[in-house]
Amino acid sequence: MASTPSSTLLSPLYESNTFCNFTSLQKLSFPLNNKLLHSKSVTLTTTHVSLQEQSDISNPTNSRKTASSSKSSYIWVNPKSPKASQLRQKSYDCRYVSLVKMAESLDSCNPVEEDVINVLADLGDKVVEQDAVVILNNMSNAETALLVLKYFQQRLKLSKEVIIYNVTLKVLRKSKDLDRAEKLFDEMLQRGVKPDNVTFSTIISCARQCNLPEKAIEWFEKLPSFGCEPDDVTYSVMIDSYGKAGNVDMALNLYDRARTEKWRIDAVTFATLIRIYGAAGNFDGCLNVYEEMKALGVRPNMAVYNSLLDAMGRAKRPWQAKNIYADMLSNGFQPSWGTYASLIRAYGRARYSEDALKIYREMKEKGLELSVVLYNTLLAMCADVGLTDEAVNIFEEMKASGTCQPDSWTYSSLITINSCSGKVSEAEATLNDMMEAGFDPNIFVLTSLIQCYGKAGRTDDVVRTFDRLSDLGLSPDERFTGCLLNVLTQTPKEDLHKLTICLEKANPKLGYVVKLLVDEEAVEEGIFKKHAAELLDCVTTDVRKAYCNCLIDICVNLNQLERACELLDIGLTLNIYADIQSRTATQWSLQLKSLSLGAALTALHIWMNDLNKALENGEEFPSLLGINTGHGKHKYSEKGLAGVFESHLKELNAPFHEAPDKAGWFLTTKVAATSWLESRRAQEVVAA
DNA sequence: CTAGGGTTAG
């Protein structure tokens, strides 16, 4: 027996050896398939198995001959029994494994004919077409694969040459080499090999994977000119390609066409459709496809579940992800890595922290490796909801895993956590770690630091951090500027001018509006409101409320109540705030959820004025009046709006009391409210 | 795993 590693591997396939003699097997009269004749099970090394019919066992000489040489026990197996098919399977597995090993050697050998021939020489003479297919199918090196193809073409009589071309095209697709794939296609034609649907679907998906969806479409369109009718798989690939090209309509058209042409649309295609809808942001579309699929009696597979979960994560619908996951489990599917990843993303982004952490622990228990993206998702979630200890824990486990390195996202979340919990020196230390790991501070980090220093009252450090942004060649975004604006709400009056200079640089319109406030500049009536409205109108909707809240807070701090009211009014006009005041027959309410303290106080002020007006007009109060501050305690501070508001209401002598059964609600009765407002009015008269 | 689709993202 040859001793080189590759020939040792191949020997069970093509050489007779002490444990099994092919010649003796071949003499047997019952039909053995070709695969078996070329193979020998590895299990034969300890237990000898024969696939003879029962009558053959009467010939002890023949069987003992081999058995004695191996000194192993002899077991007879009926060829039609499950055991025989298991054995056949094992033999095949063994041969398959060897061919895969050869594919690996071919991948790593020099892309020159001589070396490729050397590796392939170990196959011996009894090469069959299927061996060639298996080898190429398991290769990934485009250059050597083309040489392997050539080798087999020269040496084998290929009855189905298109297959060997198709598997080679797969190799080219693996290396995303559309150029070579197209060249190979031309070569096929020159040799008179007729391409089929497999050929086209492989080239089309190659183009798709090369991010050349328009090329994919081109190939799809030339398919009929080669006498091919697209089938279900080709449709599926094309649906995906159109989706990738952003051509959702064409993708759906094709789906309709496939449906009318009565192709059986299988789960993979449905998964593709769900992915397309998900990528297009049409999340109800995803769910509709899922329903349609079930209605057509197609059983969902993992791809369907995973793409649905992914879509529900993008949609920020964690509850739907939860339902789908439950469906999946009840249908007997085991979550895959992708399932867990989608769930962590869905729960993490939606701040379902307990659910996300549960999945995290489950992954750990199963020994699944998390990627840096997943760790970062968890850490960002912890930062969002203020799970400081949990974040530290996860970070430690991430480092201990040894499989992934923290990146700038990781550090960014950690700095955010430290910043939000007011740990200035820890935040600075983490920033140093980040830089030592080779990452420049990014805008997220600087945003956090500005918050951090602002909270600590270190105005000069805020300014320094602000300047660092442009030093790094970055320009402020709306969030960064918003955080800076938020710092102004916590800064003593005498320091404000330092920050307005920064604001003017970051956003001149905002700088101007704030300057009007800070300088307490008297301007013509309506000017402030006009500029503030213009400003809020042109910032993105997702920061509008934050900007408006901050501006109102600054007004309240500087005792400019009139401007605070103007801002609140703008907020209502621009729909930044909605339904602050509401009235039903039984209760009048003030809705303060998601308002900053200043905005809430301003809204209360306006409400009290409106209640007074109602009293003056002789309107009847309902039996109950209520203020809802929301019960959510702020994640990084002990007191939420409710806590702060309660003491403020006391100061005003207001008869509102927190409802024991409705967290975040302060209620009073018609009588108490009326007498309170009337006594205030009396006091005002006295004061005047 | 056995000639074609999907599967790891912020």
Side-chain angles (χ1 to χ4, degrees), chain A residues 35 88-89 92-101 103 128-139 149 158 160-171 173 181 195-206 208-209 216 219 223 228 230-241 243-244 258 263 265-276 278-279 300-311 313-314 335-346 348-349 368-381 404 407-410 412-413 444:
Chain A
K35 283 177 192 172
R88 230 171 270 131
Q89 185 61 47
Y92 186 78
D93 285 352
C94 177
R95 169 169 163 278
Y96 185 79
V97 166
S98 309
L99 292 173
V100 169
K101 297 267 182 193
V128 292
E129 194 168 349
Q130 204 196 349
D131 298 332
V133 171
V134 171
I135 288 174
L136 277 164
N137 195 41
N138 283 285
M139 285 188 66
L149 170 69
L158 298 164
K160 284 173 275 178
E161 198 168 353
V162 64
I163 295 179
I164 204 165
Y165 270 112
N166 288 344
V167 281
T168 311
L169 284 169
K170 270 176 77 179
V171 182
R173 186 185 57 192
D196 59 11
N197 258 309
V198 179
T199 317
F200 284 106
S201 60
T202 309
I203 296 177
I204 291 168
S205 68
C206 177
R208 207 223 70 167
Q209 281 179 28
W219 274 96
L223 196 138
C228 285
D231 64 10
D232 51 349
V233 175
T234 309
Y235 274 131
S236 177
V237 179
M238 263 326 288
I239 288 172
D240 200 15
S241 298
K244 189 96 176 176
W263 284 107
I265 300 155
D266 66 8
V268 178
T269 307
F270 282 111
T272 302
L273 284 164
I274 292 168
R275 260 186 309 111
I276 290 172
N301 64 4
M302 284 300 285
V304 168
Y305 285 119
N306 288 350
S307 33
L308 268 175
L309 291 172
D310 186 65
R314 282 175 208 272
S336 67
W337 193 94
T339 314
Y340 286 130
S342 294
L343 286 173
I344 285 189
R345 206 160 74 117
R349 285 184 52 179
L368 289 171
E369 267 176 23
L370 276 85
S371 66
V372 67
V373 176
L374 285 184
Y375 275 115
N376 288 347
T377 306
L378 288 165
L379 290 171
M381 175 195 77
C404 61
D407 65 7
S408 60
W409 294 69
T410 318
S412 179
S413 290
F444 304 107

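Reminder, nothing fancy here: chain letters follow the sequence lines and each chain counts from 1.
A:N376 comes within contact range of at least one nucleobase, with a heavy-atom separation under 4.0 Å. Using a 4.0 Å heavy-atom criterion, one finds that A:K170 contacts the sugar-phosphate atoms exclusively. Here A:N197 lies in heavy-atom contact (under 4.0 Å) with a base. Here A:A271 lies out of heavy-atom contact (under 4.0 Å) with every strand. Among the protein residues, A:V237 comes within range of the sugar-phosphate backbone only, with heavy atoms under 4.0 Å from sugar or phosphate atoms but none that close to a base. Across all strands, A:N306 comes closer than 4.0 Å to no nucleic acid atom at all (heavy-atom distances). Across all strands shown, A:R275 has heavy atoms under 4.0 Å from sugar-phosphate atoms exclusively, and none from any base. Within the nucleic acid shown, A:D196 comes within 4.0 Å of at least one base atom, counting heavy atoms only.
Rounded to an integer number of Å, the gap from CG of A:L158 to P of B:dA3 is 15 Å. Distance A:L368 CG to B:dT7 C1': 14 Å, rounded to the nearest Å. Distance CD1 (A:I203) to P (B:dG5): 13 Å, rounded to an integer number of Å. As rounded to whole Å, 17 Å separates atom P of B:dG5 from atom CG of A:L273. What separates CG of A:D310 from P of B:dG10 is a distance of 8 Å, to the nearest Å. A:N166 has its CG atom 11 Å from the P atom of B:dG5, to the nearest Å. Here B:dT8 presents its C1' atom at 13 Å from CD1 of A:I344, a figure rounded to the nearest Å. In this structure, A:L374 atom CG and B:dT7 atom C1' are separated by 14 Å, rounded to whole Å.
A side-chain donor-acceptor contact under 3.5 Å links A:S336 and A:T339. For A:D310 and A:S307, the side-chain atoms include no donor-acceptor pair closer than 3.5 Å. With 3.5 Å as the limit, one finds no donor-acceptor pair spanning the side chains of A:T202 and A:R173. For the residue pair A:D196 and A:N166, a side-chain donor N or O sits within less than 3.5 Å of a side-chain acceptor on the partner.
Between the side chain of A:S201 and the base of B:dG4, at least one donor-acceptor pair of N or O atoms lies under 3.5 Å. Judged by distance alone, with hydrogens and angles left aside, A:D266 brings a side-chain donor or acceptor within reach of the base of B:dG5, the pair sitting under 3.5 Å. Taking 3.5 Å as the limit, the base of B:dG5 and the side chain of A:D232 contain no donor-acceptor pair of atoms between them. Donor-acceptor pairing under 3.5 Å, judged by distance alone, is present between the side chain of A:T269 and the base of B:dG5. Residue side chain A:S371 reaches the base of B:dA9 through a donor-acceptor N/O pair under 3.5 Å, judged by distance alone. Contact annotation: side chain of A:T234 to base of B:dG5, donor-acceptor pair absent below 3.5 Å.
Distance from the side chain of A:V133 is smallest for B:dA3 among the nucleotides B:dG4, B:dG6, B:dA3. Taking every side-chain heavy atom of A:V198 into account, B:dA3 is the closest of B:dG10, B:dA3, B:dG6. Comparing atom distances between the A:V233 side chain and each of B:dG4, B:dA3, B:dG10 picks out B:dG4 as nearest.
Residues A:L99 and A:N138 form no side-chain contact, since every pair of their non-hydrogen atoms from C-beta on lies 4.5 Å or further apart. Taking the side chain as every heavy atom from C-beta outward, A:L223 and A:P230 approach each other to under 4.5 Å.
Stacking of A:W337 onto the six-membered ring of B:dT7 is not present when judged by under 5.5 angstrom between centres and under 30° between planes.
At least one side-chain nitrogen or oxygen of A:R345 sits closer than 4.0 Å to the OP1 or OP2 atom of B:dG10. A sub-4.0 Å separation between OP1 or OP2 of B:dG4 and a side-chain N or O of A:R208 is absent. Within the structure, a side-chain polar atom (N or O) of A:R173 is placed less than 4.0 Å from OP1 or OP2 of B:dG5.
Note that the OG atom of A:S236 and the CG atom of A:L273 stand 8.0 Å from one another [nearest 0.5 Å].
When the P atom is compared between B:dG6 and B:dT2, the two are found 14 Å apart, to the nearest whole Å.
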